[in-house]
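Computed from heavy atoms alone, side chains included, the values below leave out hydrogens, waters and symmetry copies. These numbers come from a predicted model, not from an experiment.
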Amino acid sequence: MIEQKQYEADGLSLVYDEGEWVIGIKNYKVANDISTLEKLERHNKTDESFVLLSGSCTLLAYDEDAKTLEYRPMEEGTVYTISSGVWHTTIMRPNTKMILIERSGTSMDNSELITLPSHVISEAKERLS
């Protein structure tokens with residue numbers, strides 16, 4: 001009657017995917033480190049929410065028209081939501097763990113990637129390193 005799931009490896013595991021929404025556990029991986037920042041993603045059919053469980057993470061959102069980044073350091077136990085269509089990423093430090101919630105079926109078929117301009121990457125690395 002009670003289902004329990006954990007995930008300890010690097011990266012993301014969808015631990016619940018039944019119906020309209022999925023819940024994932026997202027752990028630090030090198031691709032989410034500030035040292036590897038290059039691209040952002042946006043989901044065209046879903047908002048995406050995050051809850052920091054432990055560690056340190058900053059959400060980045062990018063305004064493509066203004067060419068500016070918004071930095072939001074996450075606090076444990078707070079729900080952060082990125083609206084559909086907003087360029088974003090999570091910058092995580094080692095030993096960080098969070099929960100991710102989004103619509104079931106979210107994939108690169110209904111999402112996009114953008115490569116950030118080099119000066120924006122440099123600014124983010126300077127600010128978050």
Side-chain angles (χ1 to χ4, degrees):
M1 291 188 336
I2 297 173
E3 187 175 340
Q4 178 177 322
K5 302 227 177 140
Q6 291 185 337
Y7 180 68
E8 300 302 327
D10 290 352
L12 174 67
S13 175
L14 299 179
V15 295
Y16 178 83
D17 187 356
E18 299 293 330
E20 196 171 333
W21 295 95
V22 297
I23 300 170
I25 297 174
K26 185 174 184 179
N27 298 322
Y28 170 84
K29 64 179 179 177
V30 173
N32 288 115
D33 193 279
I34 188 61
S35 66
T36 61
L37 177 65
E38 185 179 296
K39 296 178 187 258
L40 302 180
E41 65 182 8
R42 72 175 172 193
H43 307 297
N44 297 314
K45 295 188 175 184
T46 186
D47 294 348
E48 184 173 28
S49 293
F50 303 92
V51 180
L52 181 64
L53 299 176
S54 63
S56 177
C57 182
T58 299
L59 286 172
L60 295 184
Y62 182 61
D63 182 328
E64 191 174 15
D65 295 328
K67 306 282 189 248
T68 58
L69 284 173
E70 177 182 341
Y71 301 83
R72 183 68 55 93
M74 295 177 70
E75 296 178 19
E76 288 182 15
T78 301
V79 177
Y80 297 87
T81 300
I82 303 289
S83 297
S84 175
V86 173
W87 295 108
H88 67 282
T89 196
T90 54
I91 300 297
M92 303 170 79
R93 297 212 182 259
N95 301 312
T96 297
K97 180 183 282 289
M98 71 174 69
I99 297 292
L100 168 145
I101 304 158
E102 65 189 3
R103 279 202 190 278
S104 185
T106 301
S107 70
M108 290 315 298
D109 292 336
N110 49 40
S111 302
E112 299 175 84
L113 294 174
I114 186 174
T115 300
L116 286 169
S118 59
H119 72 279
V120 174
I121 295 170
S122 296
E123 172 198 321
K125 286 182 176 182
E126 183 177 314
R127 185 163 178 174
L128 297 176
S129 291

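For the atom pair L69 CG and L40 CG, the distance stands at 7.0 Å (nearest 0.5 Å). Taking CD1 from I23 and CD from E18, the interatomic distance works out to 10.5 Å, rounded to the nearest 0.5 Å. Taking CG from L60 and CD1 from I91, the interatomic distance works out to 5.0 Å, rounded to the nearest 0.5 Å. Interatomic distance, I114 CD1 to E38 CD, rounded to the nearest 0.5 Å: 12.0 Å. One distance of note links CD of E70 with CZ of R72; it measures 4.5 Å at 0.5 Å rounding. Between atom OG of residue S13 and atom CD of residue Q6 there is a gap of 11.5 Å, rounded to the nearest 0.5 Å.
Hydrophobic clustering, with ILVMFWY side chains joined whenever heavy atoms are under 4.5 angstrom apart, keeps L100 apart from Y16. In this structure, M98 is not a member of the same hydrophobic cluster as V79, with clusters built from ILVMFWY side-chain heavy atoms closer than 4.5 Å. Hydrophobic clustering (ILVMFWY, side-chain heavy atoms < 4.5 Å, transitive): I25 and V51 are in one cluster. Both L59 and V86 are members of a single hydrophobic cluster when ILVMFWY side chains are connected at heavy-atom separations under 4.5 Å. When hydrophobic clusters are built by joining Ile, Leu, Val, Met, Phe, Trp and Tyr residues whose side-chain heavy atoms come closer than 4.5 Å, directly or via intermediates, Y71 is not grouped with L52.
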Query raised in the report: What's the verdict on side chain to side chain contact (heavy atoms under 4.5 Å, CB included) for K67 and Y62, showing C-alpha distance, side-chain angles and the deciding distance?
Result: CA-CA 7 Å; K67 306 282 189 248; Y62 182 61; 3.2 Å; yes
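Taking every heavy atom of both residues into account, V15 and K5 meet most closely at O-NZ, 3.1 Å. Here the closest non-hydrogen pair linking V22 and R103 is CG2-O, 4.1 Å. In terms of heavy-atom proximity, S49 sits nearest to T81 at OG-OG1, 2.8 Å. When all heavy atoms of Y80 and P73 are compared, the pair lying nearest together is OH-O, 3.8 Å. Between K26 and M92, the closest heavy-atom pair is O-CE, 3.7 Å. The two residues R93 and L128 have their closest heavy-atom pair at NH2-O, 2.7 Å.
Under 3.5 Å, the side chains of T68 and D63 contain no donor-acceptor pair of N or O atoms. Judged purely by distance below 3.5 Å, without hydrogens or angles, the side chains of S56 and T96 never pair a donor atom with an acceptor atom.
For the pair N32 (side chain) and C57 (backbone), a donor-acceptor distance under 3.5 Å is absent. The closest donor-acceptor contact from the side chain of Y7 to the backbone of L14 lies at 3.5 Å or more, if one exists at all. Counting only distance, with no hydrogens or angles, the side chain of S83 and the backbone of D47 share no donor-acceptor pair below 3.5 Å.
Counting heavy-atom neighbours within 6.0 Å of K125 NZ, excluding the residue itself, gives a total above 12.
Every residue meeting the side-chain contact (heavy atoms from CB on, under 4.5 Å) condition with E41, not counting sequence neighbours, appears here in chain and number order: H43, E48, H88, L113.
Across I101, I99, I82, a single residue satisfies side chain to side chain contact (heavy atoms under 4.5 Å, CB included) together with F50, and that is I82. Between Y28 and the choices T90, D10, D33, the side chain to side chain donor-acceptor pair (under 3.5 Å) rule is met once, by D33.
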